[in-house]
Amino acid sequence: MRWSDWRKHFELNRRRPLPKGLERAEEVPEPWRPALAASLATFQLGEAGEGRIAHEIDRAKVPGIDADYRAALKLFVAEEGRHARILGLMVRGLGGKLLARNWTERLFVFGRRLLGLRVKLMVLLAAEVIGGSFYGLLASRLPEGGLRRALEEICEDEQHHLDYHGEFFARQGWGVVLRAVWQAGWWSLALAAMGVVLLDHRRTLRTMGIPLMEAVRAFLSLVREAANHLPVFSERGALKVRGFPS
Ligand SMILES: [Fe+2]
Ligand SMILES: [Fe+2]
């Protein structure tokens with residue numbers, strides 16, 4: 001997709017109203033509610049905290065981006081803000097409390113501030129993988145209803161975000177060496193993030209009957225999908241980048 005297509009994609013998404021029926025969460029079994037509310041509150045913090053990059057992108061000088069990419073990135077940040085509002089409604093509907101700080105959120109913020117724009121975007125890519133797989137796992141266990149539908153919608157957004165950030169890296173024009181460095185960095189970061197999330201949300205996974213191995217498989221499948229956006233040997237055609245013309 002061209003950056004102008006991404007811009008249109010996010011502009012269209014922005015018109016969606018907030019989902020209804022999240023304030024009561026009656027369909028969610030009572031014993032699941034405290035753990036689910038605590039997990040969603042943690043994710044709510046993460047979704048709400050990505051505003052800084054929307055300002056930095058105007059000054060950033062990196063290959064492969066243009067005014068449409070910059071506009072799309074700001075719209076992407078707004079879409080994450082929308083996720084935060086939806087998750088906030090869910091947390092309240094489940095009888096939980098929103099958080100001011102959390103150790104995993106601080107870790108992600110630290111990662112985002114660590115280095116340049118590309119590292120920040122790699123951390124965001126990890127957040128898409130973590131969010132996409134975690135929301136998908138929760139939705140797979142929730143009974144039919146507003147919460148499940150809203151999580152499925154967010155999950156679909158995260159899949160698009162993954163493709164959007166993946167396309168940024170695919171357009172950096174890197175040679176084999178930089179691609180290999182990126183792959184090493186990506187797998188280290190993504191696996192570390194997966195470990196953190198599995199540790200922090202183990203109670204929710206256990207309560208909702210989601211086996212650890214199922215969660216690991218869901219995470220790994222998206223980590224691999226993100227890695228395939230920037231295959232090490234793409235110039236030689238050894239691997240195909242999903243969905244992108246070469
Ligand atoms: Fe999100
Ligand atoms: Fe996202």
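This is a predicted model, so every value here is computed, not measured. Here, residue 1 is the first one in the sequence, and each next residue gets the next number. Whatever order the structure lists ligands and atoms in, that order sets their numbers, starting from 1. Reckoned from all heavy atoms, side chains included, excluding hydrogens, waters and symmetry mates.
- Glu79 and His160 share no donor-acceptor pair across their side chains, judged by distance under 3.5 Å alone.
- Look at Glu47 and the Fe ion (ligand 1): an N/O/S atom of the residue is under 2.8 Å from the metal.
- In summary, Glu158 places an N/O/S atom under 2.8 Å from the Fe ion (ligand 1), meeting the contact criterion.
- Surrounding CD of Glu156 are at most 12 heavy atoms belonging to other residues, nucleotides or ligands under 6.0 Å away.
- Of all the N, O or S atoms in His83, the one closest to the Fe ion (ligand 1) is ND1.
- No more than 12 heavy-atom neighbours from other residues, nucleotides or ligands sit within 6.0 angstrom of CZ on Arg14.
- Salt-bridge check for Glu56 with Arg70: failed, with every basic side-chain N at 4.0 Å or more from each acidic carboxylate O.
- Per residue Glu128, closest N, O or S atom to the Fe ion (ligand 2): atom name OE1.
- Summary: ND1 is the N/O/S atom of His161 found nearest to the Fe ion (ligand 2).
- In summary, an N, O or S atom of Glu80 is located under 2.8 Å from the Fe ion (ligand 1).
- Trp3 carries Arg171 over the face of its six-membered ring, with the cationic atom under 6.0 Å from the centre and within 45° of the normal.
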